[in-house]
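Working notes, structure below.
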Amino acid sequence: MSKVIIIGAGGVGSVVAHKCAQLDSVFTDILLASRTESKCKAIAEQLPRPIRTAQVDADNVAELTALLEAEKPELVINVALPYQDLSIMDACLAAGVHYLDTANYEPLDTAKFEYKWQWAYQEHFQQAGLTALLGSGFDPGATNMFTAYLAKHYFDEIEELDIIDVNGGDHGYPFATNFNPEINIREVSAECRHYENGEFVTTPPMSKMARFSCPEEVGDYNIYRLYHEELESLSKHFPSLKRAQFWMSFGDSYLKHLEVLKNVGMTGIEPVDYNGQEIVPIQFLAKLLPDPSTLGPRTKGKTCIGTVVRGKKDGQEKVMYLYNICDHEACYAEVQSQAISYTTGVPAMIGAKMILEGHWKRPGVWNMEQCDPDPFMADMNAYGLPWKVVELDPSFRLDVQKGEDL
């Protein structure tokens, strides 16, 4: 049906390549490109069918545009770093190619991510007749779809949203991150923002904690309130929301290591002079930590990610919980990756499928929840991320406690 170019050869890029290669009727020609082509070739060797590889610097708009013009793909699947979103969008506009990513743009020199830079491309993509789909990962991505699906099928109006991301996996390291270390640490160290009564409220990072019991015997976990980008788009596109929060689980060892690293300056993003050479502490730290793409064979346990939505149906208050549980070892058996990369890569493939099949192909820049959730949710069940929805007692509330500021 279509040629696609996947940009990025990390853990998520590997999963996207595996899942696209499984659907040869949709993804008829796949090119995997990265700054380091040897990583692309290593992934290609794992796949059940041949794909092509290329070297490209995604920060270089002219170089990337030349590749797109030569290859003429229908779609670029961007699973590179968030810093590169705008340069890849620019190249797609120049070459006339549809665009998809899994995380919103973040300036390299500022620990702040928001959609304003990409939303500003709306008119450009409309005029070019091109589709740009933002945040087609799990969170953001599947969690946006979970919210939209519940709003469509279970509520007349939604009022409160809690996105809960629990990783019950164990990789055996005292400290490691399940996706790009620099992005992960910047994300969890940033000031928390949650949406309440029409505005975003800022609090210290991880200064609110709750205890959450996951279904299906995944376990009980401490979850901490963070800011996550889908809160910005969901609060915009569901104006009836009175409160929206994002929660993520962390183990004691991770939190203690992060606290020490922050205290000694290793999570800093400003360059420092070391023997006459400028280095960025967090980038140096990332080089010392285990590569997330190598965690697959040693990670055991499950993830449990979902949304709790409170709202009204026929005048009555109700609370619904929609979630997915994913097994790390099962993911590795299928695509040689742990579940964090898997849960991001599969929705990227499905989002691409939605565009290529015409379900979500319309000119402009769109967040996931602006699209019909039904075909996406059906494909989640079909391609490795089955979900369940249960009704909770209206008395359900996360037991919010005071946590320790990092």
Got a sec: does the [atom1] of [X] have more than 12 other heavy atoms crowding it under 6.0 Å?
X    : atom1 : result
K256 : NZ    : no
E123 : CD    : no
E216 : CD    : yes
K388 : NZ    : no
F284 : CZ    : no
E191 : CD    : no

Modelled atom types, side-chain donor and acceptor of [X] and [Y], under 3.5 Å:
X    : Y    : answer
H228 : D165 : no
Q245 : D162 : yes
K242 : Y195 : no
S213 : D220 : yes
D252 : Y254 : no

Within-4.5 Å side-chain heavy-atom neighbours: [X] and [Y]:
X    : Y    : result
T102 : F138 : no
L322 : W387 : yes
F250 : M248 : yes
W119 : S233 : yes
M349 : Y383 : yes
L150 : V389 : yes

> Between T36 and S38, is there a donor-acceptor pair closer than 3.5 Å when you use the side chain of the first and the backbone of the second?
Replying inline: no

Got a salt bridge between [X] and [Y], using NZ or NE/NH1/NH2 to carboxylate O under 4.0 Å?
X    : Y    : value
D379 : K353 : yes
D170 : R298 : no
K312 : D156 : no
R243 : E160 : yes
K152 : D374 : yes

> By side-chain contact (heavy atoms from CB on, under 4.5 Å), which residues pair with P394, not counting sequence neighbours?
Replying inline: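 For P394 the side-chain contact (heavy atoms from CB on, under 4.5 Å) partners, ignoring immediate neighbours, are E317.
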
Looking at every non-hydrogen atom in both residues, tell me the closest pair between [X] and [Y] and how far apart they are.
X    : Y    : answer
Y321 : V308 : CD1-CG2, 3.5 Å
F396 : F212 : CZ-CE1, 4.1 Å
P215 : I325 : O-CD1, 3.7 Å

>> side chain to side chain donor-acceptor pair (under 3.5 Å), that's the test. Do E74 and S2 meet it? Break it down for me.
In response: CA-CA 6 Å; E74 185 166 350; S2 302; 2.9 Å; yes

